[in-house]
Every structure is written in structure tokens, then in C-alpha cells.
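Just so it is clear, the structure is predicted and the values come from calculations on it, not from any experiment. Proteins get letters first, then strands, A, B, ... in listed order; numbering begins at 1 in each.
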Amino acid sequence: MKLNPAQDDAVRYIAGPCLVLAGAGSGKTRVITNKVAYLVRQCDYKARHIAAVTFTNKAAREMKERVAQTLGKHEARGLMVSTFHTLGLEILRREHKTLGLKAGFSLFDDQDQLALIKELTEQELDNDKDKISRLLSTISNWKNDLVLPARAARLATDPETVLFAQCYERYQRQMKAYNALDFDDLILMPTLLLKTNAEVRAYWQNKIRYLLVDEYQDTNTSQYELVKLIAGERARFTVVGDDDQSIYSWRGARPQNLVLLKEDYPSLKVIKLEQNYRSRGRILQCANILIANNPHVFDKQLFSEMEYEAPVRVLFAKHEEHEAERVVAEIMGHKFMNGSKFGDYAILYRGNHQSRVLEKALMTNRIPYKISGGTSFFSRTEIKDIMAYLRLLVNPDDDNAFLRVVNTPRREIGPTTLEKLGTYANQRGKSLFAASFELGLEQHLGGRGLVAVRAFCDWLVRRGDEAARGNAVEAVRDMIKDIHYEEWLYESSPSPRAAEMRMQNVSTLFKWVSQMLEGSDLDDAMTLPQVVTRLTLRDMMERGEEEDDGEQVQLMTLHASKGLEFPFVFMVGMEEGLLPHQSSIDEDNIEEERRLAYVGITRAQQALTFTLCRERRQFGEMVRPEPSRFLLELPQQDLDWEHNRKPPSEGERMQKGQAGIAGLRAMLGRKS
DNA sequence: TGGCGTGCCATTTTT
DNA sequence: TGGCACGCCA
């Protein structure tokens, strides 16, 4: 298919900085992939000098595949397509020494982070969940704004912030002792490094000669700084974004960065993509009308040349289970009538917990489905255990990992021994692993405990060496064998069946690890340290071979659906309190929720169905939620409200639509 | 040391 | 209502 004039402009403009305002479904991925191809084929750029950055692994993966399709594997070789975090990781991998990090640093996920913070702040915050989560987000905000502990302390005025700044300082020091980084560090550290170190900056500016950024509205301050530092004086970059799809402000994303760009680069070329190629007219109309309720930075009007087909439906259910059953029944019926595939259907929801009922309904009806996102796999104990072992192989100073598995499976290293070792390590300012070898430890810890701890550490050293020098795949296999993990699973699981399933998970993890170590068509072979960090970032290849034949109904959160499209979309739980979410209502943050709804609606190509419940069980008790205000904001003439099997006539519907909530209540036959 | 029971808390969204 | 954390008991 040919590019339209605006798309063509966006692809061919390479003279300077370029901002593409791309509405939903306006073909921005096409623009990015075509631009990469254009740079390589027409402009003499080597693929290895081009970097494309996105926000989610899924998007990066998809873009990589699209480019490989367009350019061919040969010409695409060396092209960097990654998330911001993976790009940061790559920079750190090369530059870690300058920052005083040892090779093989660990990456802490939020659970590791939480555990560490809890430990470090026991006295001050005495396990107050609320305070701890405030502290975590404060630290994260500081990092996103490139504020280091010293400056945080200086800026702090109220007592709590002063305390938080102290905790921040302590946290950073401890992370350094562990040779560990958190997710935010992956952006913060490279950005500060490029800012202060001209040599390093020159290297990366030379390496990345053209930069493309997708979903630019989701960048936070440090990410934008990083973009500017990499782009440098030449400012050879294209960013693509849509302020209507900014749904990550809670993570520090600043859609104002779109405006800032114009100020920072006065020569910025702005190109708007306003033709939608994805959704049928009605669906697009709904999306446009809904989002018109939000204020806008850049005006844009999406239009479509597609037919104005069947209206968007709104289905009612008695309760959550009924809602799930109805959606499943709709899918089965529709599939039968249309001869479509299960993979053509997506069910979108606000929160991960909503997937449960849906899963159950799909399962009882034997419908294949796939849940994207969700952390269930990596939150399983067996996976956490093996991940901890892998981290230790690479970085034995990782105390979090050390504590997790030093006695799992059992090694007769109990709490008393660990307590003593911990106290000693603390005095010496060393990691548990490093402290184990010191002679001074013998005064505090003797006998069996000492022997057991040293045996464990010796073993770690041996396997670590094997992993670093020899065949890493073999080393990992040996490690799992050495610790008798399978036996341990059978010992510690409630049933042999459960043990078997857990071992299956371990095998899956092992399979991923070996695939990543060995490389594939699309990805180069990685070292074990790389594999471990990439797994922590959840950046792995999808499990291949398994039935990915388009025969699985797609389940995901609205957030996870961004950037994707589906022929038939169900948006469930269209209720006040859920979408918009109660906490957003409380915090007066409706606009972002509206954008979230907008993202969901614009995923649909051919048909869109909303569902909501009359009753929903919440914290054990039944509540009767109001229909989402977003449903009422939609153009009522494009909606088909289901009404006890007897939909109201066109006239009535118009009238009731205009009557707002009161009219709707009347229509549902409910008292207010 | 591990198994079981009670009681409390929970529902945003992701790298 | 259900899942998890902690504490008590064997």
C-alpha cells in the first residue's frame, strides 16, 4: 500500500528534528518502519547506526519484526530496536566501569526494591504500607527528574520529605554495595553519564546517528534528556506521539514533552497524521467525540474513509460472572456466524484482577485464550528461586538473591547463622558473600554454620566461573542439577502434580535462558549477565512453537493494548469506579482515564462492544455501580443500548441519551 | 522446622 | 470473598 502524503513527508524528512503527531490508527508504525528502510536504502545510513526506541517489549518486538520484513534480515542487521530501559542497559553494559559498577550488576525488580526499602527503613517507617509506597514513588520521581540524594536533601522542606531524602541516600548506597540497579537507574545513570562525560557522549552520538522514538508522549524527564543527549547538536531524530494516548503520567510521563520539543528545537518540523486506516466510521466517531471532552495541546481531527457500519453495542450483565459468560457467548456466536478466528477477538479491561472471571468462563467453554502482560509467571516461587540463583551466578554480592536461596533447598543455614553473618557483613560494609570468606567472621560464627555457608559460597564461585568462562548453558543446567531442585520441588509441594507443574515452569525458564544465550534470527546471542537482566525486564522472546496460530482470544489490560489492533474488541466493566477507576475519581484525574478509554475504543477495527454489570462484588460485598460516564459522553445515536432484550427505539434512545444519567437510570428501571 | 489456622487486607496501570 | 502473612502448635 502506498503512503499518503503526510506519511510520505514524515518518512522523507531527515534534514532535522521531526515530530510526527500520529492519531490512533494513522499508520505510525508504517511510518517508522518505512523511515528506517528509507534511511538505509536512500540515505546511506548503516542499520547499526540507527536506533528505534519504544516503551513496551511487545512494541519493540513487533517493530523489529516489521522492519525485518520490510528490509530483509540482512539489511536490518545491527539495527537497534529496544525499549528505553533496554537501551539504557546497553549503554551501561559498555560504560559500567566509569560509574563504578562491577560487570554483571544485578537488576532489582520492584519486589526486590520493596524488600530492600522495608529492611532499610524498619525503624522510621515501621512497616507502614502507605508510607513505604509513598517513599518508593518519591524516590522514583526523584530519579525520573534526575535528582540525586544530595539535591533531594537540599530541596526537601517538610519533615517527611527530609526523611525520605535520607532513605533515598541510604538506599542508593546499599544498592551500590549490592552492585545492583533498579529500573529507574537504567535511564538515570546513562543520562547523567552522557551529560557529564564528553568522551562517552561522543561515542554514543557516533554510534546512534539517527534516533526514532515511538510513543513519545510517554517519555518522562530523564528519558527526554537522554533523547536530547543522544541526538546532540545534529538533532537527527524523529519522534512519534499522540497526546491523546498519554496513559502513563503515574509513571512520570510528561506529554508536555511534545510542546517542550518545539521550544528546545525551534527548527522542529511538525507533521500530522490524521487519516485513520484502522476503525470503521462509527467506532472512530465514538473515539473522536469522547476525546473531545479533553483539553488538547495540538488540535487534530481524525477522519476515516471506511464505511459507517453497525452501531457500537452496550451489553448489560447481572454480575461479573454473567458478564464474562455473555462475552464468551458473544464471541462463540459471532465466530460461528462470521467464520473468524478466536485470535480476532480481544477482551480489554482496566485492572489485571478482572481477567480471572474471564479466564474461568473461557476455560469452561474450552476456548483458547492468551493473557498478555500480567506477572504471574515471574511471581511464582520456583521461578523467583531460579532467577535468584541465576543472579547469584552473575553477581554473588546480590544479598537479596543470596538470602532468598541460601537455604532453599535446605542447606542447614538457619536464621541464627544468617543473623550473625549479616551483622558481621554490615560492620565490614561487605556483602554476605564477600563477608563469608573473611577470617574475622570466625570470631562471630563458628562450627557447622560457618562450614555450610562457606561451602555454599565456594560452590557459587565454581559455578559462576563455569558460567563466565565455559559454556553458560551447561553451567545453568549443572547448577539446577547441583541444587537438586527437582527433588526439592517434590519434597516441598503439596502434591506430585503440583511439583510436576512447577518443574515444568523451571524448564520453560531454562528454555528461554538457553535460547537467549544462543541467539536467534532476530536477536544476537547474549551473555548470561545480559540474559539475567533482560529476563528481569521481561524482555524475552515469546515462547515460540506453542500454538500461536491466531486461534487464541486475547486478554489484556487497556494499558497493555496500546499500539495493538483487533478486528473485534470487547471492553468490559464500563462502570464508574472501574473505568474511570475510583482512585482516579478521588484524585480528580479523569482526563487520563478518558484517554485510556480512548485507547481501548481505537483498538477496534470492525466491531466494538461495551459491557457493564448491574451488580459487582467488591471486597466481599455487592455494590450496584453506575454506568461509566464515558458511555454517556459517547454519541448516543451511534450506540445500541441493550435494554432487557428490548432496545429502545431510535427516538427514545436519542431522548434518553440526552437526558444523561437520570434518563439512563429510568431506562434501566432503577431507583436512584 | 513445617504445617495449619486465623485474621486482615484488598483492586490501578509497567519497565 | 479470597489470598496471603504471621503466629502458634506439634
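Put simply, CD on A:E90 is 15 Å from C1' on B:dT15, counting in whole angstrom units. Per the geometry, CG belonging to A:L87 stands 16 Å off P belonging to B:dT15, to the nearest Å. Between the CZ atom of A:F378 and the P atom of B:dT15 there is a distance of 12 Å, given to the nearest Å. Rounding to whole angstrom units, CZ of residue A:R538 and P of B:dT15 are separated by 9 Å. A:E587 has its CD atom 14 Å from the P atom of B:dT13, to the nearest Å. Whole-Å rounding puts the A:L596 CG to B:dT14 C1' distance at 13 Å. Note: CG (A:D109) to P (B:dT15) measures 12 Å, nearest angstrom. The nearest whole Å value for the distance from the CG atom in A:D182 to the C1' atom in B:dT14 is 14 Å.
Note on A:D110: a base of the nucleic acid sits closer than 4.0 angstrom, heavy atoms only. Residue-level contact check: A:R356 touches the backbone only, with heavy atoms under 4.0 Å from sugar-phosphate atoms and none from bases. Within 4.0 Å of A:T56, counting heavy atoms only, lie sugar-phosphate atoms of the nucleic acid but no base atom.
Comparing A:T536 and A:E412 against DNA chain B, the residue whose closest nucleotide sits nearer the 5' end is A:E412.
Spacing of C1' atoms, B:dT11 relative to C:dC4, comes out at 15 Å, to the nearest Å.
Residue A:K143 forms a side-chain hydrogen bond (donor to acceptor under 3.5 Å, both in side chains) with just one option from A:N220, A:D184, A:D182, and that option is A:D182. Here the rule is salt bridge (Lys or Arg N to Asp or Glu O under 4.0 Å) with A:E323, and of A:R617, A:K360, A:R616 only A:R616 fits it. When A:L558, A:D243, A:N294, A:I590 are each tested for a side-chain contact (heavy atoms from CB on, under 4.5 Å) with A:R595, only one passes: A:N294. Checked options A:L92, A:L192, A:L181; the residue passing with A:L99 is A:L92 (criterion: side-chain contact (heavy atoms from CB on, under 4.5 Å)).
When distances are taken from the side chain of A:R410 to each of B:dG2, B:dT15, B:dT14, the shortest belongs to B:dG2. Proximity note for A:W250 (side chain, C-beta onward) versus B:dT13, B:dT15, B:dG2: the nearest is B:dT13.
The ring-ring contact (aromatic ring centres under 6.0 Å, His included) search around A:Y598 returns none, not counting sequence neighbours. Legend: residues meeting salt bridge (charged side-chain N to carboxylate O under 4.0 Å, His left out) with A:E325, ordered by chain and number and at least two apart, are absent.
Within the 4.0 Å cut-off from OP1 or OP2 of B:dT14, at least one side-chain nitrogen or oxygen of A:N352 is found.
Proximity of residues 214-222 of chain A to DNA chain B (heavy atom under 4.0 angstrom from any strand atom) is not detected for any residue.
Of all nucleotides in DNA chain C having an atom under 4.0 Å from a heavy atom of chain A, the first and last in 5' to 3' order are C:dT1 to C:dG3.
In this structure the side chain of A:I347 reaches within 4.5 angstrom of the side chain of A:V572, judged on heavy atoms. The side-chain heavy atoms of A:D214 and A:M63, taken from C-beta on, include a pair separated by under 4.5 Å. Proximity of A:D112 to A:Y178: side-chain heavy atoms (C-beta onward) are nowhere separated by under 4.5 Å. Residues A:T56 and A:E215 fail the side-chain proximity criterion, which asks for heavy atoms closer than 4.5 Å.
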Got a list of protein N/O to nucleotides 7-11 of chain B N/O distances below 3.5 Å?
unit_1	atom_1	unit_2	atom_2	d
B:dT11	O2	A:H353	NE2	2.9

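Counting only residues at least two apart or in different chains, salt bridge (Lys or Arg N to Asp or Glu O under 4.0 Å) contacts with residues 579-590 of chain A are absent.
B:dT13 has no base stacking with the ring of A:Y248 when judged by centroids under 5.5 angstrom apart and an interplanar angle below 30°.
Remark: A:K228 qualifies as a cation-pi partner of A:Y224 under the 6.0 Å distance and 45° angle criteria applied to the six-membered ring.
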